[in-house]
Amino acid sequence: MKTSIIGYPRIGANRQLKFTLEKYFKDEITAVELQEQAKQLRQLHWIIQQEYRIDYIPSNDFSFYDTTLDTAVLFNIVPDRYRKLNLSAIDTYFAMARGYQGPNGDVKALAMKKWFNTNYHYIVPELEDGTSIELTGSKPFDDFKEALAQGIRTKPVVLGAFTLLKLLRFTGKKNIADVKADFITSYSSLLDTFNTLGAEWVQFDEPALVKDLTLADIQLFQELYTAILGRKGASKVLVQTYFGDVRDCYSELTKLDFDGIGLDFAEGLKNIDLIEQYGFPTGKQLFAGVINGKNIWRNQFEKTISIVGRLQKHCHQIILNTSCSLLHVPYSLEQESKLSSDHKKHFAFAQEKLSELAELKIILAEQHEQVSNHPLFTTNKALFNGSRVVPNQAVQQQIAALEDKDFIRLPEFEAREELQKEAFQLPLLPTTTIGSFAQTQDVRANRASFKKGSITEEQYVAFNKKKIAECVQMQERIGLDVLVHGEFERNDMVEYFGECLDGYLFTEKAWVQSYGTRCVKPPIVWGDISRSKPMTVDYSVYAQSLTSKPMKGMLTGPITILNWSFPREDISLKESALQIALAIREEVLDLEQHHIRIIQIDEAALREKLPLRRSDWNKEYLDWAIPAFRLVHSGVQAETQIHTHMCYSEFEDIIKEIDAMDTDVITFEASRSDLSLIDVLKRNEFKTEVGPGIYDIHSPRIPGVKEMKLTLTKMLEKLPAEKLWVNPDCGLKTRNTKEIEPSLTNMVQAAQEVRQSL
Ligand code: GLN
Ligand code: ZN
């Protein structure tokens with residue numbers, strides 16, 4: 001049996017790509033040096049895969065920023081405003097990804113959205129009427145040739161025509177029907193070129209096929225591939241799906257002239273039923289996604305082998321594959337020196353997943369009767385004997401004792417809103433920020449020294465307090481109305497809480513790319529979660545002592561903590577969420593007792609794990625996620641103001657549920673997409689007060705007073721001034737102080753000027 005993977009993480013085991021890119025952005029290295037370092041990284045990753053004898057090693061899974069953007073650029077889908085900057089090809093690309101502000105002009109970045117149900121973000125390509133869609137780029141070919149020169153005939157990976165069409169935004173009058181033919185021509189030329197270059201396989205990623213499809217979608221998919229495959233040559237074509245099952249298009253998918261079909265058997269369990277019910281076409285190869293590309297737990301060989309056994313009854317050529325790209329997991333356990341071997345043996349990061357594929361290949365080569373005696377099999381089986389963790393009785397009893405009333409905050413919203421307006425006396429359009437301020441070099445160095453043990457806890461805390469004091473001073477200077485302490489003690493909004501809670505495990509280098517150069521290091525839920533000590537009280541109380549303005553307590557909510565952790569698989573997500581909710585609830589009540597009167601409970605990642613199919617939204621997710629959030633704050637006094645914050649959320653379709661989280665204020669990302677969400681708020685008579693971010697913090701660009709006033713004025717056309725807050729669209733930790741202070745000063749000025757005009 002052969003092995004394959006869908007994609008390998010590209011940022012580098014030590015985040016080399018991130019640091020190289022940052023140097024390039026700071027003009028410290030040239031484009032040539034950047035390309036050279038990227039080349040070395042690609043080579044390294046191919047060699048690792050070769051060492052594990054992966055048969056179908058991907059290429060073009062590498063990207064400087066995002067592969068969706070790469071694919072758009074490959075087909076000349078570059079909006080005019082970026083072309084007009086007259087930058088080099090690579091700088092035009094970065095202008096689309098990050099915005100550009102310099103001698104050649106001032107242009108915002110393209111919108112970013114979450115990649116299906118992951119925490120990876122893709123850049124949303126924009127297609128203008130005047131754009132001529134054609135194969136103008138050469139990146140996939142260059143990467144293929146580069147690997148070939150290294151002696152590896154890779155399987156190039158390109159985002160498929162259907163998914164690209166579904167993800168891009170039409171900005172003019174044209175729609176899918178108008179550009180279909182050009183897509184077909186462009187993808188056909190791409191196949192032609194790979195044919196000429198001698199690619200054995202070309203992989204088209206089509207994750208959009210696992211979503212709910214309309215008849216028109218299915219027709220579009222059929223039409224695109226009937227034409228594209230009609231002109232294919234010797235290169236075989238693999239259609240690769242992931243993140244779910246293909247129930248809506250299985251029959252079309254198997255009838256088209258693909259040589260290989262990639263299905264996910266981790267998240268798409270229904271795929272097995274489809275195969276058993278409808279069969280699998282002979283002559284085609286099944287790329288069976290049996291190694292979970294999203295979790296960090298060891299694969300349970302017994303289960304996998306039983307799945308493969310079921311599949312073998314219907315498919316004659318099976319290739320062992322990952323369920324999705326390994327982009328979503330960290331590099332390797334080899335980097336982890338602090339985790340004990342008792343812990344480590346339960347985990348598999350990207351590199352260990354390669355080894356699992358290699359081991360499965362060995363085990364499956366055995367005669368059927370020999371499989372269960374194989375030492376690789378028995379060692380694996382022992383990991384799942386049920387003795388991994390000891391349950392925490394106290395937590396389990398607390399959960400068992402929960403009643404309906406524990407999930408309801410009283411008095412109701414309107415009564416609280418009135419009391420709070422009275423208590424806080426904030427001006428109209430109150431200004432605030434989302435929480436974090438610049439994570440400068442010294443802030444990181446302080447944390448690192450403390451971790452290493454080279455400074456004492458007193459020294460560590462004293463430094464953070466100095467930072468907090470400076471931050472409070474800066475906010476007062478800027479004139480913000482509701483202040484924050486700046487989150488200098490936090491490496492990350494989830495990892496920090498994980499470290500304070502019992503039941504979590506941490507890694508040193510387990511970075512996962514979130515967007516562009518930004519990586520996160522999700523902690524691992526190992527056992528039952530509980531709070532053993534206050535987590536944020538000291539810093540919040542200190543920060544409040546420095547100002548007469550209200551200081552927001554700053555917490556991360558249970559769903560985000562869970563969604564940005566690697567969760568357990570031996571208990572339900574709901575159960576883990578309730579455990580975390582109870583722990584955060586204790587912290588909320590503790591803050592309140594210490595006179596923190598506004599508490600923000602971030603749920604940045606709430607939307608992220610919404611099932612891809614609408615029919616699963618409620619029963620599989622929202623029905624426990626929203627109550628878990630409510631449990632966190634249902635115990636506070638009426639005058640305590642509860643905020644939440646969400647990023648990149650396309651929450652139009654769950655707007656009612658968001659209102660039902662029953663917070664007093666919500667701030668969210670709005671600036672990088674259009675303001676259409678404001679209409680949705682209006683239409684749904686959204687009760688919660690809102691702070692739709694009025695500028696984009698993901699870009700180094702400094703927004704002007706005029707443009708923010710305009711944004712505010714537009715918002716006020718739809719929302720009552722009494723409900724509107726003014727804030728950036730997310731935390732400021734990735735920005736430097738030189739960008740932060742002028743941006744916020746402009747923001748406050750914009751708010752003041754609009755306020756006066758009311
Ligand atoms: N309070 C967090 C911060 O400001 C929120 C971050 C986020 O939404 N991702 O950093
Ligand atoms: Zn955010």
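Atoms within each ligand, like the ligands themselves, are counted from 1 in listed order. Owing to the predicted nature of the structure, the values given are computational and were not obtained by experimental measurement. Nothing fancy with the numbering, it's 1 onward along the sequence.
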Would you say that Asp662 contacts Lys687 through its side chain, given a criterion of any heavy-atom pair below 4.5 Å between the two side chains?
yes
What do we get for Met646 next to ligand 1 when only non-hydrogen atoms under 4.0 Å count, side chain, backbone, both or neither?
neither
Is the shortest N/O to N/O distance between Glu487 and ligand 1 below 3.5 Å?
yes
for atom 6 (C) of ligand 1, nearest protein heavy atom and its distance come out as Met493 SD, 3.3 Å
Can you find a pair of side-chain heavy atoms, one from Thr737 and one from Met474, that are under 4.5 Å apart?
yes
Using a 4.0 Å cut-off to any heavy atom of Lys733, which atoms of ligand 1 qualify?
10 (O)
Before moving on, can you tell me the angle at the Zn ion (ligand 2) between the SG atom of Cys730 and the NE2 atom of His645, to the nearest 10 degrees?
120°
Do me a favour and list the nearest non-hydrogen protein atom to atom 1 (N) of ligand 1 with residue, atom name and distance?
Asp602 OD2, 2.6 Å
Output the list of atoms in ligand 1 that are nearer than 4.0 Å to some heavy atom of Gly731, sorted by atom number.
3 (C), 4 (O), 10 (O)
State yes or no: are the ring centers of Phe463 and Phe450 separated by less than 6.0 Å?
no
With no hydrogens and no angle check, do the side chains of Arg585 and Ser634 hold a donor and an acceptor under 3.5 Å apart?
yes
Assess whether side-chain hydrogen bond (donor to acceptor under 3.5 Å, both in side chains) is satisfied between Lys294 and Asn117, documenting all intermediate values.
CA-CA 10 Å; Lys294 279 184 173 172; Asn117 53 3; 2.7 Å; yes
At a 4.0 Å threshold, what atoms of ligand 1 neighbour a non-hydrogen atom of Gly435?
4 (O)
Which heavy atom of the protein is the closest neighbour of atom 10 (O) of ligand 1, given with residue, atom name and distance?
Ser436 OG, 2.7 Å
State, without any angle test, whether Asp66 and Tyr120 hold a side-chain donor-acceptor pair at a distance under 3.5 Å.
yes
Return the CD to CD1 distance between Gln749 and Ile478, rounded to the nearest 0.5 Å.
12.5 Å
Ignoring hydrogens and angles, state whether a donor on the side chain of Thr688 or Asp659 is under 3.5 Å from an acceptor on the partner side chain.
yes
Distance-only N or O hit between ligand 1 and Gln600, under 3.5 Å
no
Please classify the Cys730 to ligand 1 contact at 4.0 Å (heavy-atom distances, strictly less than): side chain, backbone, both or neither.
side chain
Numbering the atoms of ligand 1 from 1, which are under 4.0 Å from a heavy atom of Cys647?
7 (C), 8 (O), 9 (N)
